[in-house]
Amino acid sequence: MSASAFPQYTTPELEVVARIDHALADEVFSLHRKGYDVREVLHEARAFKAEAQMMRREINRRKANP
């Protein structure tokens, strides 16, 4: 069995953090599409988006293997 990802979070906490990461990334991308110069933070938005996706996979894994 593989080690749990994001062991610092319980599953309910992980669900909240994943939603926050996803929302932050979406907001930055939205501002970028509106023409704001957010080049400095686009890499952070991509990292938030990737982390949120990894968290969602971990949540699903935890639910499948309690």
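Reckoned from all heavy atoms, side chains included, excluding hydrogens, waters and symmetry mates.
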Problem set entry | Common cluster, L31/L24, ILVMFWY with side-chain heavy-atom separation under 4.5 Å | no

Exercise. With sequence neighbours excluded, what pairs up with R33 under the side chain to side chain contact (heavy atoms under 4.5 Å, CB included) test?
Worked result: F29, S30

For this session: Would you please name every residue forming a side chain to side chain contact (heavy atoms under 4.5 Å, CB included) with E44, sequence neighbours left out?
Result: none

Problem set entry | Closest heavy-atom pair and its distance - A52, A18 | CB-O, 3.5 Å

Problem set entry | Flag side-chain contact, heavy atom, 4.5 Å: H22 against F48 | no

Problem set entry | Audit row: Y9, E15, side-chain contact (heavy atoms from CB on, under 4.5 Å) steps and yes/no | CA-CA 9 Å; Y9 299 119; E15 291 171 345; over 6 Å; no

Exercise. Who pairs with R62 by salt bridge (Lys or Arg N to Asp or Glu O under 4.0 Å), at least two apart in sequence or on another chain?
Worked result: E58

Problem set entry | Minimal non-hydrogen separation, A25 against A45, with atom names | CB-O, 3.4 Å

Problem set entry | D37: partners by side chain to side chain contact (heavy atoms under 4.5 Å, CB included), with sequence neighbours left out | R39, E40

For this session: Give a yes or no on whether V17 and M54 share a hydrophobic cluster (residues Ile, Leu, Val, Met, Phe, Trp, Tyr; joining criterion: side-chain heavy atoms under 4.5 Å apart).
Result: yes

For this session: Could you grab the distance from atom CD of E13 to atom CZ of F6, nearest 0.5 Å is fine?
Result: 13.5 Å

Problem set entry | Partner set under salt bridge (Lys or Arg N to Asp or Glu O under 4.0 Å) for K34, not counting sequence neighbours | none

Problem set entry | Rounded distance [0.5 Å steps], CZ in R46 versus CG in L42 | 5.0 Å

Exercise. Can you name the residues that form a side chain to side chain contact (heavy atoms under 4.5 Å, CB included) with Q53, not counting sequence neighbours?
Worked result: K49, R57

For this session: Please answer: with hydrophobic residues joined when any side-chain heavy atoms are less than 4.5 Å apart, are L14 and I20 in the same cluster?
Result: no

